[in-house]
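Computed from a predicted model, the values in this text were never measured in an experiment. Note that these values count all heavy atoms, side chains included, but never hydrogens, waters or copies made by symmetry. Labels below follow one simple rule: chain letters A, B, ... track the order of the sequence lines, proteins then strands, and each chain is numbered from 1.
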Amino acid sequence: MGQPATMAARAQRNDAPWLTLKMREAMEAWLFLSPTLAGFLIFFVAPLVAVLGYSLTEWNLLSQQATFVGLANYDDALMRNADFWHVARNSAVFALGLVPLNMALALLLALALSGRFRGVVVFRTIFFAPVVTSAAAWAIVWKFQLQGEAGFINQVLAGIGITGPNWLREPNWAMAAVIVTRVIKMVGLNMILYIAALQAIPRDYDAAARLEGASGLQIFRMITWPLLGPTTLVIMVITTIGSFKVFDHIYLMTGGGPENGTLVLAFYIYQQGFEFFNVGYASALAMIMFVIVMALTVVQLALRRKDT
Amino acid sequence: MDHAKKTRPLTISRLLPIARSETAGHGARRAGAPVLAALALMLAGSPAWASELRFTIWTGNEAHLKMLNGFAEGFKAVRPGVTVKFETIPPADYTQKLTFQIAGGNPPDIGWLMEDAAPTFANARVLEDLAPVLNAKKDYDFADFSRPALGLWTNGARVHGVPFSTSPFVMFYNKDMFDKAGLEDPLALAAKGQWNMTTFQDVAKKLTVANGRFGFEFKDGQGYESRIMHGLMPPIRAYGGDAWANKECGLDKPNAIAAVQQLHDMVFKDKSIVPPGERGDFFSGNAGMTINQISRASIMANAAFKWGIAPLPTGPSGESPVIGQAGIVVFAAGKQKQLAAEFVAFVTNKQNVAVAAQFFPPARASVLASNDFVNSNKLIPPEQMRVVADAIVKGKVLPSHDKSPQILAAMKPRVDALWRAEANVERSLRAVCAAIQPLL
């Protein structure tokens, strides 16, 4: 109650008689919001508007020649250029492979490591460490491990009589390899989110269910999983968005190859904009990616609302 | 002449009135007068104009930088007060960052440019014509530059760059591995006229068997990825082919197919070339031979094995050396174009090209013909440096195009398909040509 009273007292001082209490409160709110709002406008809205503008031009970065071409870049990407659909398919495969695998593994690890037992912190640290490891170091190490005959993985497989593929040189295996290595790198983050959510579930529910004779699986299915719903939604949204934005991992491990088998949307945008200097076309691709990710997020949120 | 970035120095005539007005003022301000007067006297000997040129390069090698800074010091004798700041950008990001600097309105005054980027930059009209400045220098002798070496850097009378490194590809070999296999090394074979594509395949196979290490590695181990052209062009040229000519793809022609088929057999049948997805590294002693340029010799100073360089193996079309090239350019959007062009003329005059030749093989005929050049590299004996000089004269620069980035990107997935054990080389090369022909 102290805060409104202070505001009322200030209003009563009547430094500015034309300023009503409501107006003063609104002004204060805007002042507090303004740093964040300024950052949002300058670093998000302005670039987004600029990219939208660029996407309507044919602009060569090197020669600095820009021509307004309307929606031609969108038409080119969506209707004429087969590469775009190949790349979009790769992005979808990457997301469909990464998101379920990441979430399932994160949940399993969280269930195993949410309790309190000796050494739990060490295990959590081990699984979280890759998240804070440099992406470049991670990719280089895995590139060595995934070499053809000389790679560690294939040598282990050879030890048990299996001839491993040349992981990063065969398109399907390369996609599988980048998905799995990405999952191992990032799963720790989702694991921590799930552990936090699991620890927030009151233990009474579990105890009551056990008194009623519920099995562990039933407790998980009927109590734990539904209560993890909001966290699962957040994890699904951020992991999906992250999977569509993946760039560094692909750039460092496969460079989009072999045979464009791992050429995903974010890397394709980079290639068009920063290797071919087609800023207009790259901007159109970026807008398309923005719409795809936004649509996926809205669909996920809508499905969640429907469930609840 | 444009002098937008030049700063007018304080001169005695400008400072003394200021000093006089200070002394005539309040006592508290009088202390400043002697300082200003002293400053005026100190600056009396300074040049009329003081400028700094910014020069982008991709080397961070101390010896290279020492040499370049030496040139900058020497230029002060010609243009007092002019300093040059060398800015190193890693080679992998070089062209991209340079483009961003130009697009961002902050171009360097001068820069190195790789051969594959030269046509793109020239066509975008971002390079200044150096001809007026070079032709105005009496003792510059532009005609001394070998004509083939200028191909990428001139267009009619226009000169949009001066080659500073015309570096042929040569065969580096691990002498210890040859000795262990009981084989004559490539230099000895070349002296007997027996160093050709057939003996190359043969010795690579024998080296692999005798040493348990790969007989050959593509340039920097990148022949399947970022250095596709460096891997394919030496054998294709030896067989008389080319990547493209007169806007027509040549990779699906019989001589190119034969050359690539031989490489493919060496990778997958003989298993004598480091295969895709594996690492060899000639420079740490893990491969018997590699094709590279003499600038790489600087990392061999402490090599744990005996090594040498030899010409590229000849093919059905005889000798066909391949050259990688880099030039110095002045950017048209720069603010000190005249001064920058003068520095380019200074760095590429006969004396300085002779100094630079220890690292960067020259395109000046007079320097190439001199004994100074063959004796210039402390790590490479004169008889091996003659291989370099000979290759510069006979060689042909790597293929280049104003759409090089797009062409290489279009090639890459089809070349990936080529480097599979079960690949049909001819069909794969036809697919490469189908992909790049529209861009040529």
>> Quick check: closest heavy atoms across B:Asp416 and A:Glu259, and the distance to 0.1 Å?
In response: OD2-N, 2.7 Å
> Between B:Ala409 and A:Phe276, which heavy-atom pair has the shortest distance, and what is it?
Replying inline: CB-CZ, 3.2 Å
> What pair of heavy atoms forms the shortest contact from A:Ala150 to B:Glu278, and how long is it?
Replying inline: CB-OE1, 2.9 Å
>> Please classify the contact of B:Ser226 with chain A as side chain, backbone, both or neither, using a heavy-atom distance under 4.5 Å.
In response: neither
>> Does A:Glu149 have more than 12 heavy atoms from other residues, nucleotides or ligands lying within 6.0 Å of its CD?
In response: no
>> Is it the case that over 12 heavy atoms from other parts of the model lie below 6.0 angstrom from the CZ atom of A:Phe152?
In response: no
> Which heavy atom in A:Arg169 sits nearest to a heavy atom in B:Trp419, and how many Å separate them?
Replying inline: NH2-CB, 4.1 Å
> Which bit of A:Gln271 is near chain B, if near means a heavy-atom gap under 4.5 Å: side chain, backbone, both or neither?
Replying inline: side chain
> In terms of heavy-atom pairs under 4.5 Å, which option from A:Leu61, A:Leu168, A:Leu263, A:Val279 contacts chain B the most?
Replying inline: A:Leu61
>> Looking at B:Arg158, I'd like to know if its CZ atom is crowded, meaning that more than 12 non-hydrogen atoms belonging to other residues, nucleotides or ligands lie closer than 6.0 Å.
In response: yes
> Take atom NZ in B:Lys206; do more than 12 heavy atoms of anything else shown fall under 6.0 Å from it?
Replying inline: no
>> Around atom CH2 of B:Trp244, are there more than 12 heavy atoms from other residues, nucleotides or ligands closer than 6.0 Å?
In response: yes
> Between B:Pro413 and A:Asn260, which heavy-atom pair has the shortest distance, and what is it?
Replying inline: CG-ND2, 3.4 Å
>> With rounding to the nearest 0.5 angstrom, report the OG1 to CD distance, B:Thr99 to A:Glu275.
In response: 11.0 Å
> Nearest heavy-atom pair of A:Lys143 and B:Glu225: which atoms, and what distance?
Replying inline: NZ-OE1, 4.0 Å
> If you count heavy-atom pairs under 4.5 Å between each of B:Lys403, B:Arg414, B:Lys412, B:Arg279 and chain A, which one has the most?
Replying inline: B:Arg279
> For atom NZ of B:Lys205, is the number of surrounding heavy atoms from other residues, nucleotides or ligands below 6.0 Å larger than 12?
Replying inline: no
> Applying the side-chain contact (heavy atoms from CB on, under 4.5 Å) test to A:Leu62, which of B:Leu98, B:Ile102, B:Thr95 qualifies?
Replying inline: B:Ile102
